[in-house]
Peer 1: 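Handing you a structure now.
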Amino acid sequence: MPSSTDILFEPLRVKSLALPNRIVMAPMTRTFAPEGVPGSSNAAYYRRRAEGGVGLILSEGTVVNRPSSRNEPAIPFFHGDAALGGWKTVIDEVHRAGGRMGPQLWHTGSTVGMSGWEPASPVESPSGLLAPDKPRGVEMSDEAIADTIAAFARAAADAKRLGFDTIEIHGAHGYLIDEFFWSGTNRRDDRWGGASIKDRSGFAAEVVRAIRAAVGEDFPIILRVSQWKQQDYSVRLAETPQLMADWLQPLVDAGVDILHCSQRRFWEPEFPDIDGEEGLNFAGWAKKLTGAVTISVGSVGLSGEFLKAFAGESSTSVGIDTLLTRMERREFDLIAVGRALISNPDWANKVREGDTANLKGFSAGELAALV
């Protein structure tokens with residue numbers, strides 16, 4: 001059993017990003033940005049987590065400048081004077097509280113939001129598919145793909161200009177970039193498709209290269225990836241370590257500094273047939289295979305996993321000994337905390353002070369307000 005939480009509070013530097021500890025606020029869609037513009041309540045929400053001791057805050061998904069790039073009406077933009085002005089207030093408030101922050105840059109592809117809202121123009125995706133054999137929207141043209149890559153790069157450049165400390169690209173959970181990775185939604189036979197996961201990583205690699213050119217060499221780039229898709233939780237892009245290397249190494253070579261490896265439960269082994277039921281998780285294998293800094297995530301400090309929260313299920317607070325053990329083994333470098341930080345903005349400070357008895361569980365009703 002770990003004797004202390006010291007491992008969580010070791011500093012880490014990745015290029016220009018100097019973090020005081022290993023705790024990351026996970027990006028969580030909140031849909032509290034009317035007309036796509038974050039306001040004072042959004043700034044206060046993030047500032048409170050900085051005051052609460054989080055080492056790095058990753059924003060909710062913020063969409064790049066493409067038609068139908070979001071699937072809910074109150075998801076924030078990361079383009080346009082009004083939205084960027086709102087994000088400037090957010091990062092200034094976070095910095096005043098001593099925090100570090102990056103926006104998560106996003107395009108929701110052909111996915112459907114939970115409310116059933118529909119954008120004004122057709123959604124776009126690699127092959128006009130929501131899932132295998134489920135048409136939705138339009139197949140992206142070469143021009144649309146080029147414009148989307150440029151939109152990601154512009155958003156990243158704006159993030160650096162506004163004073164953010166890093167950016168994260170959302171390449172997970174069945175959204176646009178992930179739809180290029182997945183053979184079930186990418187049926188293209190041009191340079192953006194292909195039979196192998198290495199081939200289908202080409203779009204993401206071009207996004208990364210464009211962002212790297214826009215932000216320079218010293219500005220860190222994070223990429224969020226997942227095996228599972230919201231369209232099918234059982235999907236695995238890489239069934240073996242070699243396939244995982246084929247998928248992720250080109251992205252690191254293109255300029256990704258940190259891989260944010262999304263799991264529904266961080267303690268689950270990625271390849272138990274190789275290293276057992278206590279073996280490396282997704283972030284552990286990604287670090288081992290690529291050498292990149294990795295973030296793990298998934299139900300940290302809570303009894304239930306996050307997808308059930310959207311169905312109204314609450315969770316109780318639980319211990320983090322398993323997390324500490326894995327971090328002491330240097331399996332991964334950073335840990336992202338999600339719903340526990342909605343219930344406890346000061347989660348990091350309480351853990352550091354040993355005051356875990358006063359950590360609250362998560363109630364699904366807390367998603368109804370931005371606190």
Side-chain angles (χ1 to χ4, degrees), residues 1-12 19-28 49 52-56 58 172 224-228 233 236 241 244 258-289 292-309 313-363:
M1 285 289 186
S3 58
S4 77
T5 60
D6 289 353
I7 187 68
L8 284 176
F9 298 94
E10 288 185 0
L12 178 68
L19 300 178
N21 62 53
R22 306 301 180 99
I23 300 170
V24 177
M25 179 178 177
M28 292 176 283
R49 276 71 191 173
V54 170
L56 174 64
L58 294 175
R224 196 173 212 202
V225 288
S226 69
Q227 294 264 38
W228 64 271
Y233 299 149
R236 286 170 62 81
M244 184 174 285
I258 303 173
L259 289 166
H260 187 173
C261 300
S262 178
Q263 290 182 261
R264 293 164 67 189
R265 307 167 186 88
F266 79 89
W267 56 87
E268 292 183 342
E270 193 62 30
F271 300 114
D273 55 319
I274 295 176
D275 55 6
E277 293 299 327
E278 300 295 324
L280 294 175
N281 71 0
F282 182 17
W285 273 102
K287 180 178 180 179
K288 179 177 180 177
L289 292 167
V293 173
T294 60
I295 305 171
S296 190
V297 67
S299 304
V300 175
L302 291 174
S303 61
E305 58 98 7
F306 77 99
L307 289 168
K308 292 180 180 177
E313 182 176 299
S314 298
S315 297
T316 58
S317 179
V318 299
I320 58 171
D321 284 348
T322 298
L323 169 63
L324 298 172
T325 297
R326 286 181 177 268
M327 293 200 72
E328 287 181 352
R329 293 200 305 246
R330 306 292 172 173
E331 183 174 329
F332 43 82
D333 303 284
L334 295 148
I335 188 67
V337 181
R339 290 165 297 138
L341 276 167
I342 292 178
S343 305
N344 305 274
D346 56 351
W347 188 91
N349 285 343
K350 278 190 162 65
V351 168
R352 188 185 66 235
E353 295 159 3
D355 189 22
T356 54
N358 286 316
L359 288 173
K360 298 186 295 184
F362 170 78
S363 169

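All values derive from a computational prediction rather than experimental measurement.
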Peer 1: Please round to the nearest 0.5 Å and tell me the distance separating atom CE of Met327 and atom CD1 of Ile335.
Peer 2: 6.5 Å

Peer 1: Within the distance-only criterion (no hydrogens, no angle test), does the side chain of Asn281 pair as donor or acceptor with the backbone N or O of Trp267 below 3.5 angstrom?
Peer 2: no

Peer 1: Will you find, in the side chains of Asn358 and Asp355, an N or O donor that is under 3.5 Å from an N or O acceptor?
Peer 2: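 Yes.
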
Peer 1: Evaluate the side-chain proximity of Trp228 to Ser262: yes if any heavy-atom separation is below 4.5 Å, no if none is.
Peer 2: yes

Peer 1: How far does CZ of Phe9 sit from CG of Leu19, to the nearest 0.5 angstrom?
Peer 2: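 Spacing of CZ (Phe9) from CG (Leu19) equals 13.0 Å.
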
Peer 1: Within a reach of under 6.0 Å around NZ of Lys350, are more than 12 heavy atoms found that belong to other residues, nucleotides or ligands?
Peer 2: yes

Peer 1: Should Leu289 and Pro241 count as side-chain neighbours, where that means a heavy-atom distance under 4.5 Å?
Peer 2: yes

Peer 1: Could you go through the side chain to side chain contact (heavy atoms under 4.5 Å, CB included) check for Phe271 and Leu280 one step at a time?
Peer 2: CA-CA 7 Å; Phe271 300 114; Leu280 294 175; over 6 Å; no

Peer 1: Tell me whether Arg22 contacts the main-chain N or O of Ile7 through its side chain, where contact means a donor paired with an acceptor under 3.5 Å.
Peer 2: no

Peer 1: Minimum heavy-atom separation for Pro272 to Glu277, with atom names?
Peer 2: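 It is CB-OE2, 3.7 Å.
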
Peer 1: Only one of Glu268, Lys287, Glu270 forms a side-chain contact (heavy atoms from CB on, under 4.5 Å) with Phe282, so which one is it?
Peer 2: Glu270

Peer 1: Measuring from atom CG of Leu302 to atom CG of Asn344, what distance do you get when rounded to the nearest 0.5 angstrom?
Peer 2: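 Atom-to-atom, Leu302:CG and Asn344:CG are 8.5 Å apart.
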
Peer 1: Could you measure the distance from the CG atom of Leu56 to the CD1 atom of Ile23? Nearest 0.5 Å is fine.
Peer 2: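 Atom-to-atom, Leu56:CG and Ile23:CD1 are 11.5 Å apart.
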
Peer 1: Return the CG to CZ distance between Asp321 and Arg326, rounded to the nearest 0.5 Å.
Peer 2: 13.0 Å

Peer 1: Dump the intermediate steps for side chain to side chain contact (heavy atoms under 4.5 Å, CB included) on Leu8 and Leu323, then the final yes or no.
Peer 2: CA-CA 9 Å; Leu8 284 176; Leu323 169 63; 4.3 Å; yes

Peer 1: What pair of heavy atoms forms the shortest contact from Gln263 to Ser296, and how long is it?
Peer 2: OE1-OG, 4.3 Å

Peer 1: Would you check if the side chain of Thr294 reaches a backbone N or O of Phe332 as a donor-acceptor pair within less than 3.5 Å?
Peer 2: no

Peer 1: Take a 6.0 Å sphere around CD of Glu278 and say whether it holds more than 12 heavy atoms from other residues, nucleotides or ligands.
Peer 2: no

Peer 1: Give the C-alpha distance, both sets of side-chain angles, the deciding distance and a yes or no for side chain to side chain contact (heavy atoms under 4.5 Å, CB included) between Gln227 and Cys261.
Peer 2: CA-CA 9 Å; Gln227 294 264 38; Cys261 300; over 6 Å; no

Peer 1: Could you tell me which non-hydrogen atom of Asn349 sits nearest to which non-hydrogen atom of Gly53, and how far apart they are?
Peer 2: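 Minimum heavy-atom separation between Asn349 and Gly53: OD1-CA, 3.4 Å.
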
Peer 1: Shortest non-hydrogen contact from Ala348 to Gly52?
Peer 2: CB-O, 3.5 Å

Peer 1: Which heavy atom of Pro27 sits nearest to which heavy atom of His260, and what is that distance?
Peer 2: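 Where Pro27 meets His260 most closely, the heavy atoms are CD-CE1, 3.8 Å.
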
Peer 1: So which atom in Glu331 and which in Gly279 form the shortest heavy-atom distance, rounded to 0.1 Å?
Peer 2: OE2-O, 4.2 Å

Peer 1: Hey, does Val351 have a side-chain heavy atom less than 4.5 Å from the side chain of Leu359?
Peer 2: yes

Peer 1: Between Leu58 and Arg224, does a side chain to side chain contact (heavy atoms under 4.5 Å, CB included) hold up when you go through it step by step?
Peer 2: CA-CA 11 Å; Leu58 294 175; Arg224 196 173 212 202; over 6 Å; no

Peer 1: Under a 4.0 Å N-O cut-off, is there an ion pair linking Arg330 with Glu10?
Peer 2: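 So Arg330 pairs with Glu10 through a salt bridge.
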
Peer 1: Please round to the nearest 0.5 Å and tell me the distance separating atom OG of Ser4 and atom CG of Leu324.
Peer 2: 7.5 Å

